[in-house]
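Position 1 is the first residue of the sequence; numbering continues from there.
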Amino acid sequence: MANIRAIRQRASDSAFLHAAITRPLSTHGVTLGIHWEALKLWLKGAGYRSRPDPTQGQATPAAPISETTYNEI
């Protein structure tokens, strides 16, 4: 489980500059946390699924419906 603890502040240029100067490695902590969770999932046996190839006949909402597809519905 991922947690975050923060103090609410106004979003201003000076606040962002102060955060960047006082906590320069905070983004590395986020990246490390994401990789830590991924490692735990991998150790539990979760596999990687690649995205299917969009050119293999999958219809999209923007694609026109052909007559054969329409008649099969």
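- Think of L41 as one node in a network of Ile, Leu, Val, Met, Phe, Trp and Tyr side chains linked at under 4.5 Å; it has no links at all.
- With sequence neighbours excluded, the residues forming a side chain to side chain donor-acceptor pair (under 3.5 Å) with S14 are S12, listed by chain and number.
- Grouped by direct or indirect side-chain proximity (heavy atoms under 4.5 Å, Ile/Leu/Val/Met/Phe/Trp/Tyr only), L25 sits alone.
- To the nearest 0.5 Å, atoms NE2 (H18) and CG (D13) are separated by 14.5 Å.
- Residues that satisfy the salt bridge (charged side-chain N to carboxylate O under 4.0 Å, His left out) test with K44, not counting sequence neighbours, are absent from this structure.
- Scanning for side chain to side chain donor-acceptor pair (under 3.5 Å) contacts around T27 gives an empty result, with sequence neighbours left out.
- Members clustered with W42: W36, L39, L43, by chain and number, using a 4.5 Å side-chain heavy-atom cutoff among hydrophobic residues.
- Here the CD-CZ distance, from Q9 to F16, works out to 9.5 Å after rounding to the nearest 0.5 Å.
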